[in-house]
J.: 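Structure incoming, see below.
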Amino acid sequence: MVVTAGFCESDGARRYNTAVAVTGDGVLGVHRKVHQPLGESNSYAAGDGFRAFETPVGRIGMMICYDKAFPEAARTLAVDGAEVVVCMSAWPGSRTGAAADLAEDRWTRRFDLFDQARALENQIVWVSANQSGTFGALRFVCSAKVVGPGGDVLATTGVAPGTAVATVDVGEVLAGARRSMGHLRDRRPETYGVGAVA
């Protein structure tokens, strides 16, 4: 079993919003959140990159919350061989023009769209977890899910707290998704210009 979790990491005078992947044998990988919205940099230092790592269940990459809004982050992990990307979040519903029903909220929609797009564009398995409940005026959108490499949601909690569970043969679903149209294989980085992921 591989378990991922988020925590506040202290590294000398700096603190990081960090994700870790572990087994009973120890730490497999660590990711420090790179992208920081809305003044998060006042509390946390930014991480410096995205790297995939080997685990007993396949090659995994991790990201945290707002990292998912940047296609380059997921693409970097996919190019580094990630078969599964795990993204943990504290993603709230909209604070302006909020919908009474979280299922209809525009920030719930964005959360779900990012999850499906990142899985589809990189043809990977995407595992998404999110905080539930409230914190002050914030309502968290829940929406834990497992998304297949075709962008199909294989399991979700919707806007209710819980655990999304799916049984996936990662090698089989990746091979099937990449058989005809291989998004990673068919890339042409030399045409993408400045800042392209090689």
Side-chain angles (χ1 to χ4, degrees), residues 2 4-9 16-21 29-41 43-53 58-95 102-103 105-132 135 138-159 163-164 166 168 170 174 177 183-184 195-197:
V2 175
T4 61
F7 67 103
C8 177
E9 177 191 8
Y16 293 92
N17 185 349
T18 300
V20 64
V30 174
H31 169 69
R32 291 171 168 171
K33 185 177 181 183
V34 172
H35 300 98
Q36 300 180 322
L38 305 173
E40 276 187 23
S41 59
S43 300
Y44 296 105
D48 62 2
F50 297 90
R51 292 163 210 81
F53 51 91
R59 193 159 172 84
I60 288 181
M62 294 188 297
M63 57 180 63
I64 299 172
C65 205
Y66 190 46
D67 286 338
K68 77 166 67 182
F70 297 84
E72 302 87 349
R75 179 53 51 95
T76 298
L77 289 170
V79 169
D80 194 25
E83 300 165 299
V84 177
V85 171
V86 176
C87 184
M88 53 202 74
S89 303
W91 192 284
S94 177
R95 288 186 274 184
L102 270 176
D105 193 87
R106 62 191 166 131
W107 280 90
T108 303
R109 181 174 162 274
R110 291 174 186 180
F111 185 87
D112 292 340
L113 282 171
F114 283 137
D115 288 343
Q116 291 181 266
R118 299 300 164 254
L120 173 60
E121 68 197 2
N122 294 293
Q123 295 177 309
I124 55 174
V125 175
W126 184 271
V127 179
S128 184
N130 192 41
Q131 188 167 330
S132 63
F135 182 78
L138 298 178
R139 300 178 305 157
F140 294 96
V141 304
C142 305
S143 299
K145 70 181 68 62
V146 179
V147 184
D152 302 312
V153 176
L154 306 177
T156 184
T157 64
V159 293
T163 304
V168 179
V170 174
L174 294 188
H183 300 166
L184 300 176
V197 176

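Every heavy atom of this structure was used, including side-chain atoms; hydrogens, water molecules and symmetry mates were not. Source: prediction; values computed, not measured.
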J.: Exactly one of I60, L174, I124 should register a side chain to side chain contact (heavy atoms under 4.5 Å, CB included) with V84. Which one does?
T.: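 For V84, the side chain to side chain contact (heavy atoms under 4.5 Å, CB included) check succeeds only for I60.
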
J.: Can you measure from OG1 (T18) to NZ (K33) and round to the nearest 0.5 angstrom?
T.: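 Answer rounded to 0.5 Å: 11.0 Å.
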
J.: M62 and A21: which non-hydrogen atoms are nearest, and at how many Å?
T.: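 Shortest heavy-atom contact: CE-N, 3.9 Å.
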
J.: Looking at N130 and S143, would you say the former's side chain and the latter's main chain have a donor-acceptor pair under 3.5 Å?
T.: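 No.
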
J.: Roughly how far, to the nearest 0.5 Å, is the NE2 atom of H31 from the CZ atom of F53?
T.: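 These two atoms lie 10.0 Å from each other.
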
J.: Judged by atom type as modelled, is there a donor-acceptor pair below 3.5 Å linking the side chain of D80 to the main-chain atoms of R51?
T.: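 No.
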
J.: With W91, which of W107, Y66, F140 fulfils ring-ring contact (aromatic ring centres under 6.0 Å, His included)?
T.: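 Going through the options one by one, the only one that passes is W107.
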
J.: Return the CG to CZ distance between L102 and F111, rounded to the nearest 0.5 Å.
T.: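 Taking CG in L102 and CZ in F111, the distance rounds to 12.0 Å.
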
J.: Is a salt bridge present between D115 and K68, judged by a nitrogen-to-oxygen distance below 4.0 Å?
T.: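 Looking at K68 together with D115, the answer is yes, because their closest N to O distance falls below 4.0 Å.
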
J.: Please step through side chain to side chain contact (heavy atoms under 4.5 Å, CB included) for the pair V20 and E9, ending with a clear verdict.
T.: CA-CA 10 Å; V20 64; E9 177 191 8; over 6 Å; no

J.: Rounded to the nearest 0.5 Å, what separation is found between the CG atom of L113 and the CZ atom of R118?
T.: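 Reported to 0.5 Å precision, the distance equals 10.0 Å.
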
J.: Tell me whether the count of non-hydrogen atoms from other residues, nucleotides or ligands lying under 6.0 Å of CZ in R109 goes above 12.
T.: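 Counting neighbours around CZ of R109, 12 or fewer heavy atoms of other residues, nucleotides or ligands fall under 6.0 Å, so no.
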
J.: Side-chain contact, heavy-atom cut-off 4.5 Å: V85 with M63?
T.: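 Result yes, sub-4.5 Å side-chain heavy-atom pair found.
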
J.: If you measure from CD on Q36 to CD1 on I64, what distance do you get to the nearest 0.5 Å?
T.: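 Rounded to the nearest 0.5 Å, the CD-CD1 separation comes to 10.0 Å.
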
J.: Start with the C-alpha gap between M88 and T4, add the side-chain angles, then the distance that decides, and say whether side chain to side chain contact (heavy atoms under 4.5 Å, CB included) holds.
T.: CA-CA 9 Å; M88 53 202 74; T4 61; 3.6 Å; yes

J.: Which heavy atom of C65 sits nearest to which heavy atom of S89, and what is that distance?
T.: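 Minimum heavy-atom contact is CA-OG, 3.3 Å.
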
J.: For residues S128 and F114, determine if any side-chain heavy atom of one lies less than 4.5 Å from a side-chain heavy atom of the other.
T.: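 Not touching, per the 4.5 Å side-chain cut-off.
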
J.: Using a cut-off of 6.0 Å, state whether more than 12 heavy atoms not belonging to F135 lie near its atom CZ.
T.: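 No, the 6.0 Å shell around CZ holds no more than 12 heavy atoms from other groups.
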
J.: At their closest point, which heavy atom of A144 faces which heavy atom of A164, and how far apart are they?
T.: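 Looking at all heavy atoms of both residues, the closest pair is O-CB, 3.6 Å.
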
J.: May I ask you to decide if the ring planes of H35 and F50 are parallel, tilted or perpendicular, using 30° and 60° as cut-offs?
T.: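 Because their plane-to-plane angle is under 30°, the rings of H35 and F50 count as parallel.
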
J.: Measure across L138 and P92 and return the closest heavy-atom pair with its distance rounded to 0.1 Å.
T.: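 Result for this residue pair: CD2-CB, 4.0 Å.
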
J.: Counting C-beta onward and ignoring hydrogens, is there a side-chain heavy-atom pair between D48 and R32 closer than 4.5 Å?
T.: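 Heavy-atom side-chain distance check fails, nothing below 4.5 Å.
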
J.: Run the numbers on N122 and H183 for side chain to side chain contact (heavy atoms under 4.5 Å, CB included), then give the verdict.
T.: CA-CA 6 Å; N122 294 293; H183 300 166; over 6 Å; no

J.: If every non-hydrogen atom of L120 is compared with every non-hydrogen atom of G150, which pair is closest and at what distance?
T.: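 Reported closest heavy-atom pair: CD1-O, 3.5 Å.
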
J.: Minimum heavy-atom separation for P71 to A69, with atom names?
T.: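 Closest approach of P71 to A69: CD-O, 3.5 Å.
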
J.: Between D112 and K145, does a side chain to side chain contact (heavy atoms under 4.5 Å, CB included) hold up when you go through it step by step?
T.: CA-CA 9 Å; D112 292 340; K145 70 181 68 62; 2.7 Å; yes

